[in-house]
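No hydrogens, no waters, no symmetry mates; every other heavy atom, side chains included, goes into these values.
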Amino acid sequence: MEATKILPVLKKKLAFLSGGKDRRSGLILTIPLCTEQTSMEELSATLDYLLGIPSEKCKARGFTVIVDGRKSQWNIVKTVVLMLQNVIPAEVSLVCVVKPDEFWDKKVPHFCFWKEKDRLGFEVILVSANKLTRYIEPCQLTDEFGGSLVYDHLDWLNKRLVFEKFTKESTSLLDELTVINENEKGSQAEKDRSSESNILPSFDPETVLQTGHELLSELQQRRFNGSEGGGGGTAWSPMDDELLAQPQVMKLLDSLREQYTKYQEVCRQRSKRSQLEEIQTKVMQVVNWLEGPGTEQLRTQWGIGDSIRATQALQQKHEEIESQHSEWFAVYVELNQQIAALLSAGDEEDLMELKGLQQQLSDVCYRQASQLEFRQNVLQSAHEFHMTAQDMSQQLDGLLGMLCADVAPADGAAIQQTLKHLEEKLKSVEGALQSLREKGQVLLDQMSTQTSFSYGKDVSIENKENIDHIHSVMEDMQLRKQRCEDMVDVRRLKMLQMVQLFKCEEDASQAVEWLGELLDALLKTHIRLGDDSQETKVLLEKHKKFVDVAQSTYDYGRQLLQATVVLCQSLRCTTRSSGDTLPRLNRVWKQFTVTSDERQHRLEMASAFHTAAEKILRESPELAELMVDVEAYEEVETVGKGLLDRLTVPVIFPDGSEQFFGSPGDMASSAESIRERMKLVEEKRFLQEEVEQRLDEEALEAGPRES
């Protein structure tokens, strides 16, 4: 009977073998009755299962049955004792009925077990729990009877389930492995037939062996613990070798290991044969495909395309071919590893065949891989060549667009920037052409080596088309670049002329500004007339130089504007500023001319004034022979008044506008200086008149005396 079939009943713990022994070394069977009604059928099934566990030798020593009736009724106890007569009459040596204190005394006379010994076949005694030690050692009793033996029913049940499971699986596995191993000893035909059938056992041998080893280790550990403390109160394990047949586990493990080792060798041989046959089949599949459809695919792919899109289409097609080859190359790698593993095993009979298969497979795969790589490199070079050609074409288109567009920059700096950009574009085109030549040469070199991978096919015609296309692209780009260079030279000359034009216009405008600044300086700072004739002469000289500078500035501006007209005619364009600059230049120059003339006239009047005044002031009024003529005084007065009047008059420009020299304060200062000089002259005149009057009086007095 298996525990799994009555597992719910066993879990109720209606009876159990605690592992304890009586003084005759007989096993102790405990039946713990409870207050609830006990099913005799379940108890009988439990006893049948428990009595099937010990060996015959152990059974021969008899059982001591402890019926714990402290929580049950007398009639149930009596029924159980009578049932023992039917279940295990020959094996029972003694039945100890544990009674409650002073509970059954009145009922015992109705049924005396000692009188029924002959009929029952075993002795029955009523005993209190504390007096069980008269018959059984305390170390063989569990704690509910005051003993020290530890018993865990669930743990025992779990281990029992493991033991039965191992026994069942190992026995079945042994039978299957034996049949498989015996079949392997037959003829080759039987081996083939057996190899075709399923040789996998129902249970995993590794798992069963692992379970057995764990079970054996548990049994040995329990036995060791129990034997060490048998007399010292330590629990005696019920998973003893007498209960769970430790030798049986060991015997099963030994047999299972032996048959499993043979089975492993059988599997290895079968796997080796199957693997070798599979390798041969796969090798021929790989070789046949690579030398057949694979090679045919590559034979049809030799073009390089005439554009990026065409080359990309060829690359995509090549990727599809590579993808198909990759699947077979993956099989090759796997096969190579399998062959290497078989070669390392060192079986002489298969070495030559395996090496031949490996060499054949490697030769075909490497040759095909080399062809794929070569084709990929050619297409990559072609793609780079067409990419460079397209990039150069776009650069040439951009450069041509710049050259064809009208040049209308805002100033010379913009023209310089445009010219710099144009030079950079041309330099970039030159670099692109050099790169195109290099990539084209690489592609041509690859084309020259393509015949070695032609698989006997004449590819000279297709190569010639590819080579002609490469040369045609490079020559076309060279011609386009040359045309652009010629146009760049023309545009460069035109832009340099425009730079010169803007420079002339800018300098002409600058000349106008300078002339305006000179006019402004003449009106605001050139206001002094000098304190004497010498200073006035110096100012006149400075004024002439100042006018010469303004004249050269005006002439420079006129020359620049004339150059602007010539450049505009050469460039066939109208200047944006010369039409306004020339009138401005003439207007400023006329204003400057009027102002400088007025300044010249005032300085000349001041010079005449100071000269006349200084001549008068140098004469000594005491000397008759140095008397100044009246006309000289009148000249000083006339020139001085005229100069003072001139200072109050503004400069009137040709457009009718007016402008004064300096500020009113500056003019007042100059007028004051003239008035002071005129005052000195007037005082000199008064002195001279007094001298003349005195001389006249002296002459009148001397006349009468002489007469």
Side-chain angles (χ1 to χ4, degrees), residues 301-319 322 372-410 412-451 459-499:
Q301 298 293 316
W302 291 104
I304 62 171
D306 56 359
S307 64
I308 294 179
R309 181 174 297 180
T311 304
Q312 288 176 339
L314 291 174
Q315 284 181 318
Q316 184 176 2
K317 179 62 178 178
H318 183 70
E319 289 175 359
E322 280 186 333
L372 285 170
E373 183 180 7
F374 174 80
R375 175 62 179 167
Q376 182 182 14
N377 293 337
V378 169
L379 290 176
Q380 182 62 31
S381 298
H383 183 265
E384 293 176 358
F385 174 78
H386 288 119
M387 282 286 290
T388 306
Q390 178 175 319
D391 180 62
M392 182 177 178
S393 179
Q394 292 174 352
Q395 292 186 33
L396 287 171
D397 291 341
L399 181 58
L400 186 61
M402 288 183 62
L403 294 171
C404 294
D406 291 335
V407 180
I415 294 178
Q416 291 284 5
Q417 185 66 26
T418 304
L419 185 59
K420 181 181 177 181
H421 190 201
L422 193 64
E423 296 291 348
E424 291 175 352
K425 282 275 189 181
L426 184 60
K427 186 176 181 180
S428 177
V429 168
E430 291 176 352
L433 180 60
Q434 180 62 29
S435 177
L436 182 67
R437 288 171 178 167
E438 293 174 357
K439 296 184 183 302
Q441 188 58 48
V442 170
L443 189 55
L444 290 173
D445 293 340
Q446 290 176 333
M447 292 287 101
S448 64
T449 60
Q450 192 171 7
T451 54
V459 296
S460 58
I461 298 177
E462 295 184 8
N463 275 346
K464 184 177 184 304
E465 294 177 356
N466 294 333
I467 292 171
D468 291 344
H469 170 68
I470 296 170
H471 286 299
S472 174
V473 171
M474 292 192 294
E475 291 173 359
D476 179 60
M477 292 300 168
Q478 175 64 36
L479 291 174
R480 289 181 63 187
K481 174 183 173 293
Q482 186 62 48
R483 288 195 297 269
C484 285
E485 283 180 342
D486 296 339
M487 295 178 68
V488 166
D489 292 338
V490 175
R491 176 56 61 90
R492 185 186 295 112
L493 178 60
K494 181 177 181 180
M495 296 184 75
L496 290 175
Q497 289 179 340
M498 293 190 70
V499 170

Would you name the heavy atoms of [X] and [Y] that are closest together and state the gap between them?
X: Ile308; Y: Gln390; answer: CD1-OE1, 2.6 Å
X: Ala310; Y: Gly305; answer: CB-CA, 3.9 Å
X: Met392; Y: Leu433; answer: CE-CB, 3.4 Å
X: Gln315; Y: Leu379; answer: NE2-O, 3.6 Å
X: Val473; Y: Ala389; answer: CG1-CB, 3.8 Å
X: Thr388; Y: Ser435; answer: CG2-OG, 3.8 Å

NZ-CD distance between Lys439 and Gln434, expressed to the nearest 0.5 angstrom =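 Lys439 NZ to Gln434 CD: 11.5 Å, rounded to 0.5 Å.
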
task = Look up atom OG in Ser307 and atom NE2 in His383, then write down how far apart they are to the nearest 0.5 Å.
result = 10.0 Å

Taking the side chain as everything from C-beta on, heavy atoms only, tell me whether [X] gets closer than 4.5 Å to [Y].
X: Glu384; Y: Val442; value: no
X: Phe385; Y: Thr311; value: no
X: Leu396; Y: Met477; value: yes
X: Gln446; Y: Leu443; value: yes
X: His318; Y: Leu314; value: no

ask   = Between the main-chain N or O of Asn377 and the side-chain N or O of Ser381, is there a donor-acceptor pair closer than 3.5 Å?
value =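 At least one qualifying donor-acceptor pair exists.
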
How about [X]: does its [atom1] atom have over 12 heavy atoms from other parts shown lying under 6.0 Å from it?
X: Met387; atom1: CE; value: no
X: Glu438; atom1: CD; value: yes
X: Gln478; atom1: CD; value: yes

Side-chain donor-acceptor pairs under 3.5 Å in residues 422-429, sequence neighbours left out?
| from | atom 1 | to | atom 2 | distance (Å) |
| --- | --- | --- | --- | --- |
| Glu423 | OE1 | Arg492 | NH2 | 3.4 |
| Glu423 | OE2 | Arg492 | NE | 2.6 |
| Glu423 | OE2 | Arg492 | NH2 | 3.0 |
| Ser428 | OG | Gln395 | OE1 | 2.6 |

key: Residue pairs passing the salt bridge (charged side-chain N to carboxylate O under 4.0 Å, His left out) test where at least one lies in residues 472-484, sequence neighbours excluded   = Asp397-Arg480, Lys481-Glu485

request  = Please work out which of the three classes, parallel, tilted or perpendicular, describes the rings of His386 and His469, given edges at 30° and 60°.
outcome  = tilted

